Amino acid sequence: MEKYKDIGLKLTPQRLAILGYLEDNKEHPSAEDIYRAVSKKFPTMSFATVYNTLETLRKKRSILQLTIDPAKKRFDPNTEPHHHLICVKCKMIADIHRDYKLPIPNKERAGFEIIGNQIEFYGICPRCKTTKSKGVLEEPLAL
Ligand code: ZN
Ligand code: MN
């Protein structure tokens with residue numbers, strides 16, 4: 001919770017519950033996921049409170065907003081540079097903590113000095129792979 005001290009938000013019990021849910025969360029939840037979880041404890045909380053809190057955290061760079069899931073924005077409290085894997089079936093997102101040195105030929109750089117990258121991998125997670133082998137009907141790929 002330390003890192004959220006200086007975000008300039010009044011830390012109401014509802015916002016603290018949102019921050020608590022996000023802390024060390026490795027699930028890359030959507031705003032809806034966060035709302036569903038936190039409103040169990042605070043049934044009167046509005047979705048706007050979740051949304052606005054996430055927006056403030058994002059602007060202060062206290063959380064990352066991921067675009068890897070085309071269906072909805074996903075949030076990551078881990079702001080260290082890292083990469084992601086997404087399951088194209090269940091949309092589970094996993095982290096990859098590893099540096100990828102990707103040499104880009106000079107003529108492909110558009111004059112840019114490259115300072116970093118964030119790579120998205122698409123695949124089928126172990127659980128969905130198991131489900132497939134049991135013959136359960138699959139949803140069509142969203143990608
Ligand atoms: Zn999956
Ligand atoms: Mn992550």
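Both ligands and their constituent atoms are indexed starting at 1 by order of listing. In this text, all values refer to a predicted model and were calculated from it rather than measured experimentally. The analysis underlying the following values was restricted to heavy atoms, covering all of them including side chains, and did not include hydrogens, waters or symmetry mates.
- When every heavy atom of His28 is checked against every heavy atom of Asp95, the shortest pair comes out as NE2-OD1, 2.9 Å.
- Listed by chain and residue number, the protein N/O/S atoms under 2.8 Å of the Mn ion (ligand 2) are His28 NE2, Asp76 OD2, His82 NE2, His84 NE2, Asp95 OD1, with waters left out.
- Salt bridge absent: Asp69 and Lys72 never bring a charged side-chain N and a carboxylate O closer than 4.0 Å.
- Of the angles at the Zn ion (ligand 1), the one spanning SG of Cys87 and SG of Cys90 is 110° when given to 10°.
- A donor-acceptor pair shorter than 3.5 Å cannot be found between the side chains of Thr56 and Thr53.
- Judged purely by distance below 3.5 Å, without hydrogens or angles, the side chains of Thr12 and Gln14 never pair a donor atom with an acceptor atom.
- Nearest approach of Cys87 to Ile124, heavy atoms of both residues: SG-CA, 4.0 Å.
- Side-chain N/O atoms of Tyr21 and Glu23 include no donor and acceptor closer than 3.5 Å.
- Using a 30° and 60° split on the angle between ring planes, Tyr35 and Phe47 fall in the perpendicular class, above 60°.
- The SG atom of Cys125 and the SG atom of Cys128 subtend an angle of 100° at the Zn ion (ligand 1), given to the nearest 10 degrees.
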